[in-house]
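Below is one structure, written out as structure tokens, with a few remarks after it.
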Amino acid sequence: MSLENIKVMIADDSMFARKKLINFISTLGVAEVLEAADGEEAVEKYKANKPNVVFMDIVMPKKTGIEAVKEIVEFDPSAKVIMASSVGTQNHLRDAIMAGAADFIQKPISNDQIQKILENTAKELNK
Amino acid sequence: MFAQFFGSFLLHKGLVTAKDLTQAFEEKKNTRMRLGVLAINAGLMTSEQVEHVNVTQQSVDKRFGDLCVELGYLTDSDVDRLLSEQPTDYLLLGQTLVNSGVMSNADFEAAIIEYKNENSLSNDDISGNQSDKLSKLISGFYHFDTAANARIYTEYTTLLFKDIIRFIGDDFTPLGSSIIHELEAPHIVKQAVTGAYNSITCVAADTAEYMAFAERFAKEEFTEVDDFVDATVGEFMNVNNGLFTVNESNEHGIELQLDPQEIHTDEKIVFENPAFLIPVSFSFGEVNFVISNS
């Protein structure tokens, strides 16, 4: 499955989490990987770049991931935002889905999970 | 995880040194269990009987198991059963220490009997890594029962050790805890857990150990402590604490949130409530974990 048309954004305040994800995703041949270190930057960069898929942490400074996903989905109802958080409680899951998140994955995230999500995104784009 | 606490027990009893344990944890990956240690652990043979078979074996060309049966120490089915069981981690540790001459079979026999008695553990408890026994072992080891929120301390620490094994490695020895009111270290990562109750959690270490811990988690090498090293240790803490909040929500219906991690370099942190300091000795040095609950 070619991922060459996929633009990805990673929004996480952890430099470690961003670097690990970017390093892996970059090996898959995607078109572009954007990064944001807080919720506010995530919203701004989404509006400017419209990535095909966003991996969004929840606990972030300035604006939480839940607040950011709400704004992103208001701006673009077709946005595909995957919450990627260490806090995968039922409440957070519910809040994320209600805010418009497409899915929720619990940290630590495996490379397989990321690859599957990106491949599914590519399939959806090709439809 | 029983292996790490068995190691700590041996260290505390003065039967091994920290260096012996570090070496044994490294070597145990290549250790093959021998029938003698398995039979001692199962309570089917004494160390004297094992030694007798060892001596006898030197003068006859027979396998250890066949000699045990011939001498009436074991039955054929005992031998088959012992050899077919998956060796547990603490037994591999014991076998490694016996192989390297740090402990004799008799030392191992006395230690394993005392360890099991002290902690009310059976072979089934240990081989199955039973959660309730593990929690009891950890609670007893750290004297959490003296704290008001014993369940929280016990479950947090049990998860912490599981995550250390999962993300850092199993070559560590838990050391005895102490109650502290403040913490000073070259590097401290602190994260507050808030909600139905509040906890402060920390990882603290000297520079070399802090980097080594981060290297294990990131699976990369570092030459100095920079923002990325801080973020790496911070992410370990975030993942561990995140899994803890999931457990609290799923198993107890308790909803908690995590605050962003704070990095403290060459600073002193003062705790509002008494905190448990949990030192862990890795092969690369000592790292301290702290939990304070209110």
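In the text below, chain A, chain B and the rest are named by the order of the sequence lines, each starting its count at 1.
Counting only heavy atoms from C-beta outward, the side chains of A:Lys20 and B:Glu235 never approach each other to under 4.5 Å. The side-chain heavy atoms of A:Pro108 and B:Arg166, taken from C-beta on, include a pair separated by under 4.5 Å. The side-chain heavy atoms of B:Asn238 and A:Ser14, taken from C-beta on, include no pair separated by under 4.5 Å.
For an aromatic pair to be called close, the ring centres must be under 6.0 Å apart, and B:Phe217 with A:Phe16 satisfies this.
Only the side chain of B:Asn250 comes within contact range of chain A, with heavy atoms under 4.5 Å apart. No part of B:Glu248 comes within reach of chain A, as not one of its non-hydrogen atoms sits under 4.5 angstrom from that chain.
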side-chain contact (heavy atoms from CB on, under 4.5 Å) evaluation trace for A:Val59 with B:Gln257:
CA-CA 9 Å; A:Val59 180; B:Gln257 290 85 43; over 6 Å; no
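In terms of non-hydrogen atom pairs under 4.5 Å with chain B, the most contact-rich of A:Ile58, A:Val87, A:Asp13 is A:Val87. Among B:Leu243, B:Asn240, B:Asp259, the residue with the largest count of heavy-atom pairs under 4.5 Å with chain A is B:Leu243.
Checking B:Asn241, B:Leu258, B:Thr245 one by one against A:Ser86, the side chain to side chain contact (heavy atoms under 4.5 Å, CB included) holds for a single residue, B:Leu258.
By the 6.0 Å contact criterion, CD on B:Glu251 is enclosed, its count of non-hydrogen atoms from other residues, nucleotides or ligands being greater than 12.
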